[in-house]
Every structure is written in C-alpha cells, then in structure tokens.
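To keep things clear, I will list the structure first and then write my remarks on it.
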Amino acid sequence: QVQLVESGGGLVQAGDSLRLSCVASARTFSNYVMGWFRQAPGKEREFVAAISWSGSNTNYADSVKGRFTISRDNAKNTLYLQMNSLKPEDTAVYYCAARISTGVRSMPSEYRYWGQGTQVTVSS
C-alpha cells in the first residue's frame, strides 16, 4: 500500500511558475514508476508526465513538453513537478500516481495508487 500526498498548488497568473510536490509513504518508493496527471472540470483525467525508478527515463505530454519538468528524490520519498510558463489551459486538479510495473506509461489505468490532488488555477 502506498499513500500519496500532493502539495504546492495555488492561484497564479499566466506566465508564472509553480512546483508541485508529492510525498509517498512507501519505504520502497524507489521501486515505483511515478506519474503526474491532471483533470479539468468536465474533462477526462489526462497524462502530464512520468518518471522511471531511477529518474533516468521520463515521458511528457506534448502539451507540457518544454515547460514542465518531472523529477524525484528517492531519499526523501518525494516526486516533483516544476511548471513554468503556465497557461490558463493548465488549470486543473493535479494528481500524482504510482505504478508498480516498469515503463513510464501514460494511461491512468496503468497506475495503481493515487493521491487526493492539488488544485492549480492559472488566470489570464
């Protein structure tokens, strides 16, 4: 069982930056592929980014490539999402998720554990 707690969301203006964090309870955090997803009102949950166990392999949605950076600190059991050049269309609840199997996958169904989410609102 893995418990995930996100933080760092907030209200910002277009062009600003935010860094999201996700702390995991698992003692074996380094065994999990981790991902960030987001869900805007009335829309399906969508993939944002994923990172391998070691951090050497990452995967990004086209919509955030070049603006967002996923990283992890296994010693602190923490996942990060650095978000730069934010746009109003980035407004959503952001979730971190953990995947037991290998592969920096993008489908929500491939992740077993989920946090409660943190709201990010970008005003124009």
Side-chain angles (χ1 to χ4, degrees):
Q1 187 75 10
V2 179
Q3 292 185 328
L4 303 171
V5 179
E6 303 96 336
S7 63
L11 172 62
V12 297
Q13 293 187 331
D16 285 351
S17 297
L18 273 178
R19 188 175 81 156
L20 305 184
S21 299
C22 171
V23 177
S25 64
R27 288 178 290 176
T28 55
F29 174 72
S30 60
N31 288 352
Y32 294 90
V33 170
M34 299 297 297
W36 285 100
F37 293 79
R38 66 187 182 186
Q39 188 166 19
K43 294 190 177 181
E44 305 241 333
R45 191 167 297 190
E46 66 172 4
F47 171 73
V48 175
I51 188 167
S52 62
W53 304 336
S54 65
S56 61
N57 193 17
T58 57
N59 184 18
Y60 293 92
D62 288 342
S63 59
V64 306
K65 206 170 289 184
R67 300 188 298 123
F68 291 10
T69 302
I70 189 171
S71 62
R72 64 191 297 164
D73 186 338
N74 289 338
K76 295 182 178 179
N77 278 18
T78 303
L79 175 73
Y80 302 101
L81 184 68
Q82 178 67 43
M83 305 186 295
N84 298 329
S85 303
L86 282 161
K87 304 175 181 180
E89 51 263 44
D90 295 319
T91 295
V93 176
Y94 283 72
Y95 299 90
C96 70
R99 168 179 163 78
I100 296 175
S101 301
T102 59
V104 285
R105 303 297 179 88
S106 62
M107 292 296 293
S109 59
E110 295 177 295
Y111 290 76
R112 174 179 284 193
Y113 302 106
W114 291 83
Q116 294 300 306
T118 184
Q119 176 71 47
V120 172
T121 304
V122 185
S123 63
S124 57

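None of these values were measured; they are calculated from a predicted model. Residue numbers run from 1 in the order of the sequence given.
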Checklist entry - Okay, side chain of Thr118, backbone of Tyr94: is any donor-acceptor separation there less than 3.5 Å? => result no
Next on the checklist: Between Tyr111 and Phe37, is the ring centroid distance below 6.0 Å?
Outcome noted: yes
Checklist entry - Okay, side chain of Asn77, backbone of Val23: is any donor-acceptor separation there less than 3.5 Å? => result no
Next on the checklist: Count I, L, V, M, F, W, Y as connected when their side-chain heavy atoms are under 4.5 Å apart, and connections chain through other members. Are Tyr95 and Leu18 then in the same cluster?
Outcome noted: no
Next on the checklist: Contact between Lys87 and Glu89 at the side-chain level, heavy atoms closer than 4.5 Å - yes or no?
Outcome noted: yes
Checklist entry - Between Leu86 and Val64, is there a shared hydrophobic cluster once you connect ILVMFWY residues whose side-chain heavy atoms come closer than 4.5 Å? => result yes
Item to check | Partners meeting side chain to side chain donor-acceptor pair (under 3.5 Å) with Arg45 (sequence neighbours left out) | outcome: Gln39
Next on the checklist: Closer than 3.5 angstrom, by distance alone: can the side chain of Tyr60 be matched with the main-chain N or O of Ile70 as a donor-acceptor pair?
Outcome noted: yes
Item to check | Considering all heavy atoms, the nearest Ser123-Pro88 contact | outcome: C-CG, 4.5 Å
Checklist entry - Any chance CD of Gln3 has more than 12 other-residue heavy atoms, nucleotides or ligands included, within less than 6.0 Å? => result no
Checklist outcome for this item: Between Leu81 and Ala49, the two heavy atoms sitting closest are CD1-CB, 4.4 Å
Checklist outcome for this item: Here the salt bridge (charged side-chain N to carboxylate O under 4.0 Å, His left out) pairs for residues 8-22, sequence neighbours left out, are none
Checklist entry - Quick one: does Trp114's side chain get under 4.5 Å of Leu4's, heavy atoms only? => result no
Next on the checklist: When you group the ILVMFWY residues by side-chain heavy-atom contacts below 4.5 Å and let the links chain together, are Val104 and Met107 in the same group?
Outcome noted: no
Next on the checklist: Does anything in residues 66-78 form a salt bridge (charged side-chain N to carboxylate O under 4.0 Å, His left out)? List the pairs, not counting sequence neighbours.
Outcome noted: Arg67-Asp90
Checklist entry - Roughly how far, to the nearest 0.5 Å, is OG of Ser7 from CD of Gln116? => result 13.5 Å
Checklist entry - Does NZ belonging to Lys65 count more than 12 external heavy atoms closer than 6.0 Å? => result yes
Item to check | Backbone of Ser52 reached by a side-chain donor or acceptor of Asn57 within 3.5 Å | outcome: no
Checklist entry - Minimum heavy-atom separation for Val33 to Gly103, with atom names? => result CG1-O, 3.5 Å
Item to check | Contact summary for Ser106 and Phe47, nearest pair of heavy atoms | outcome: O-CB, 3.2 Å
Checklist entry - Should Phe68 and Met34 be counted in the same cluster of Ile, Leu, Val, Met, Phe, Trp and Tyr side chains packed under 4.5 Å apart? => result yes
Checklist entry - Short question: side chain of Glu6, backbone of Leu20 - any donor-acceptor pair under 3.5 Å? => result no
Next on the checklist: When you compare the side chain of Met83 with that of Val120, does any pair of heavy atoms fall below 4.5 Å?
Outcome noted: yes
Checklist entry - Is the side chain of Asn74 donor-acceptor paired with the backbone N or O of Trp53 at a distance under 3.5 Å, no angle test? => result yes
Item to check | Side-chain donor-acceptor pair present, Thr121, Gln119, cut-off under 3.5 Å | outcome: yes
Checklist entry - How far does SG of Cys96 sit from OH of Tyr80, to the nearest 0.5 angstrom? => result 12.0 Å
Next on the checklist: Could you walk me through whether Leu79 and Trp36 satisfy the side chain to side chain contact (heavy atoms under 4.5 Å, CB included) test, starting with their C-alpha distance in whole Å, then the side-chain angles of each, then the deciding distance to 0.1 Å, before giving a yes or no?
Outcome noted: CA-CA 9 Å; Leu79 175 73; Trp36 285 100; 3.3 Å; yes
Checklist entry - Between the main-chain N or O of Arg99 and the side-chain N or O of Arg112, is there a donor-acceptor pair closer than 3.5 Å? => result no
Checklist entry - Does the pair Gln82 and Ser71 meet the rule for a side chain to side chain contact (heavy atoms under 4.5 Å, CB included), with working shown? => result CA-CA 8 Å; Gln82 178 67 43; Ser71 62; over 6 Å; no
Checklist entry - Which value, rounded to the nearest 0.5 Å, describes the distance between Tyr113 atom OH and Ile100 atom CD1? => result 4.5 Å
Checklist entry - For Val12 and Ser17, which heavy atoms make the closest approach, and how far apart are they? => result CG1-O, 4.4 Å
